[in-house]
Amino acid sequence: YLTQSSKWIHFGLGTADEIDRVVVSWPGGKREAFTELSADRHYRLVEGSGKAEPWTTSCIRTGS
């Protein structure tokens with residue numbers, strides 16, 4: 001009750017230090033490409049934004 005699956009997706013890149021692009025197929029059927037991504041980083045991908053936002057720990061909510 002009142003639970004959901006994690007929205008985190010982890011990609012193994014081996015020794016690569018850059019990512020050419022990530023293409024997301026959104027639930028509504030649209031596809032969107034995100035570029036200029038670095039390995040070993042976290043990003044927030046927002047549908048329709050066209051840009052991957054760097055994700056920092058200050059963005060993570062804590063319980064209380």
Side-chain angles (χ1 to χ4, degrees):
Y1 179 71
L2 295 178
T3 63
Q4 71 178 32
S5 299
S6 172
K7 294 181 182 178
W8 290 100
I9 300 173
H10 177 89
F11 296 93
L13 303 174
T15 59
D17 56 5
E18 285 189 1
I19 302 163
D20 292 329
R21 67 184 169 158
V22 171
V23 179
V24 177
S25 295
W26 296 106
K30 292 185 180 179
R31 292 173 51 113
E32 185 171 12
F34 296 88
T35 59
E36 300 182 20
L37 305 168
S38 298
D40 296 324
R41 301 286 187 269
H42 292 98
Y43 293 94
R44 180 174 182 247
L45 306 180
V46 178
E47 184 175 5
S49 70
K51 184 176 179 186
E53 301 172 13
W55 183 270
T56 62
T57 56
S58 64
C59 296
I60 298 173
R61 294 184 204 174
T62 57
S64 62

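Note that these values count all heavy atoms, side chains included, but never hydrogens, waters or copies made by symmetry.
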Decide whether W55 and F34 are clustered together by the hydrophobic rule: side chain heavy atoms of Ile, Leu, Val, Met, Phe, Trp, Tyr closer than 4.5 Å, transitively.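 Unlinked, W55 and F34 end up in two clusters.
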L37 with V24, same ILVMFWY side-chain cluster at under 4.5 Å: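 L37 and V24: one cluster.
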Look up atom [atom1] in [X] and atom [atom2] in [Y], then write down how far apart they are to the nearest 0.5 Å.
X   : Y   : atom1 : atom2 : value
I19 : R41 : CD1   : CZ    : 10.0 Å
H42 : H10 : NE2   : NE2   : 8.5 Å
E32 : S25 : CD    : OG    : 10.5 Å
K51 : L45 : NZ    : CG    : 12.5 Å

Under a 4.5 Å cut-off applied to non-hydrogen side-chain atoms, are R21 and V23 in contact? yes
Quick check: are there more than 12 heavy atoms from other residues, nucleotides or ligands sitting under 6.0 Å from CG of L13? yes
If I compare all heavy atoms of A39 with all of A16, which pair ends up nearest, and what's the gap?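 Scanning both residues completely, I find the closest heavy atoms to be CB-O, 3.5 Å.
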Which heavy atom of S38 sits nearest a heavy atom of Y43, and at what distance?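 In this case the closest contact between S38 and Y43 is N-OH, 2.9 Å.
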